[in-house]
Number of protein chains: 2
Amino acid sequence: MSDTDPRASRTGRPRSTAADAAILEATRASLVDLGWSKLTMSDVATRAGVAKTTLYRRWAGKNELVVDAVAVLFDELELPDRGSLAADVRGVVLQFAALLERPEARTALMAVVAESTRDDSLRHRIRSAIVDRQKRLVLQGRERAQARGELRYEDDASAAARNADLIFDVIAGAVVHRTLVSAEPVDAEWASGFTSLLLLGLAGAQAA
Amino acid sequence: MSDTDPRASRTGRPRSTAADAAILEATRASLVDLGWSKLTMSDVATRAGVAKTTLYRRWAGKNELVVDAVAVLFDELELPDRGSLAADVRGVVLQFAALLERPEARTALMAVVAESTRDDSLRHRIRSAIVDRQKRLVLQGRERAQARGELRYEDDASAAARNADLIFDVIAGAVVHRTLVSAEPVDAEWASGFTSLLLLGLAGAQAA
DNA sequence: TTCCTTACGCTACGACCCGTAGCGTAACTG
DNA sequence: CAGTTACGCTACGGGTCGTAGCGTAAGGAA
């Protein structure tokens, strides 16, 4: 969460965990009301009932604060077994799309990614707090599909890892692009079309 | 380009087209040096050798200015006939990836998209200036593939349009996500893997 | 040419946010 | 108790924002 590890110093007044929670909650509320660009540290401090200096003691700035405030939203994603690979893909697509409907997520995600193009430490923070944690969904879905016999088990471990990364970028990228760039809704129909394309490919989806 | 149409008023001193070009060029240069978040209107004005008030006479703010400054970069994309659908896809993926390697493009694209989530007019500006213009590549590639016999001609016109939009979101989304979110390189190997996945689908690409 | 209209450069301005310093006080440890 | 760290508060210089006001420049119309 915050920058410094509280266990490093066992003496002195401990940091208020209530303040941590209040700050992150206030950050999400401010994102909803004001959006990324108009969100200010002063506003978050006021909403959280906390002094501005307290924010700077824990986060280097707006970028880091917002990443931590939004990261928890992505942990809500899960992949219940829906019986087939196609159903699992459709399900996660719709779930991810619902997350991107939330104003705090949509305004923050692209903004921090944009900032991360010029800030290595921020990019690593995004990776560890958001991106890498969601790759579990791809791995889980693949294992299930392999167990069902829908996908083969792969021999080369590094090739399998590259493949998982590729699938992750394709699914997440398509949903993000559809939602935020094209600014069109991800509904059940789109999810089905995308799933067909992903499973069958261009020619195969056309034939179906 | 600018906000007001110069042909609307035929009297008075005309706007300097040289200033327009200088401002957009200065904006790109400032994006390279400072990035989106540290770019200021004052800095752009100074670089362009123009008064700050001149900027505000043409653009409502930083968002609109940057969209116009970056839009021209995307028009460089083209789709030469490489002989097969797979080769065409690989080619456009690598071309788009090269564009996203340019610092002015990568820092600006995600930032304006993030802003557009709370600004309808900005979103329309992005669509007309950037997104919609690039869908020509999908349409062109599909026509060629159909002429080669690699894809069927589609009967339903609206279904064909939805399909083109889907493919656009999948290709552009995957490249953007790989480059900016996962922050991994789009090299020839990745482009080939992605192309196989797009053409053959999950099971098909695994078998190949 | 003269008049009209619009664009330009320049200066100045209030408003706002940034990030930090300094201080007294609060909370926890040994 | 003393020692250490966190907190709230105030204040500050520095920077950007977007606009107003002014005199001047560059075109078109009579």
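In what follows, every chain begins at residue 1, and chains take the letters A, B, ... in the order their sequences are listed. Both backbone and side-chain heavy atoms feed into the values below; hydrogens, waters and symmetry mates do not. Quick caveat: nothing in here was measured; it's all calculated off a predicted structure.
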Original post:
Where do A:Gln146 and A:Arg148 land on the side chain to side chain donor-acceptor pair (under 3.5 Å) test, with the steps shown first?
Top reply: CA-CA 5 Å; A:Gln146 288 170 334; A:Arg148 292 190 200 100; over 6 Å; no
Subject >> Separation of C:dG9 P from B:Arg15 CZ (nearest whole Å) >> reply: 12 Å
Subject >> Donor-acceptor side-chain pairing of A:Ser37 and B:Glu115 below 3.5 angstrom >> reply: yes
**OP:** Could you tell me the separation between the CH2 atom of B:Trp59 and the C1' atom of D:dC17, rounded to a whole number of Å?
**Re:** 18 Å
**OP:** List the protein contact pattern of nucleotides 12-25 of chain C with one symbol per nucleotide (5' to 3'): B for base contact, S for sugar-phosphate-only contact, - for none; contact means a heavy-atom distance under 4.0 Å.
**Re:** -----SBBBB----
**OP:** Only counting residues at least two apart or in another chain, list the ones meeting salt bridge (Lys or Arg N to Asp or Glu O under 4.0 Å) with B:Asp119.
**Re:** none
**OP:** Identify the residue among A:Met41, A:Arg47, A:Glu25 that makes a side-chain contact (heavy atoms from CB on, under 4.5 Å) with A:Ser30.
**Re:** A:Arg47
Original post:
For B:Ala164, what residues pass the side-chain contact (heavy atoms from CB on, under 4.5 Å) criterion, not counting sequence neighbours?
Top reply: B:Val138, B:Leu139, B:Arg142
Original post:
Which residue lies toward the 5' end of DNA chain C, B:Pro14 or A:Gly12, if each is placed at its nearest nucleotide?
Top reply: B:Pro14
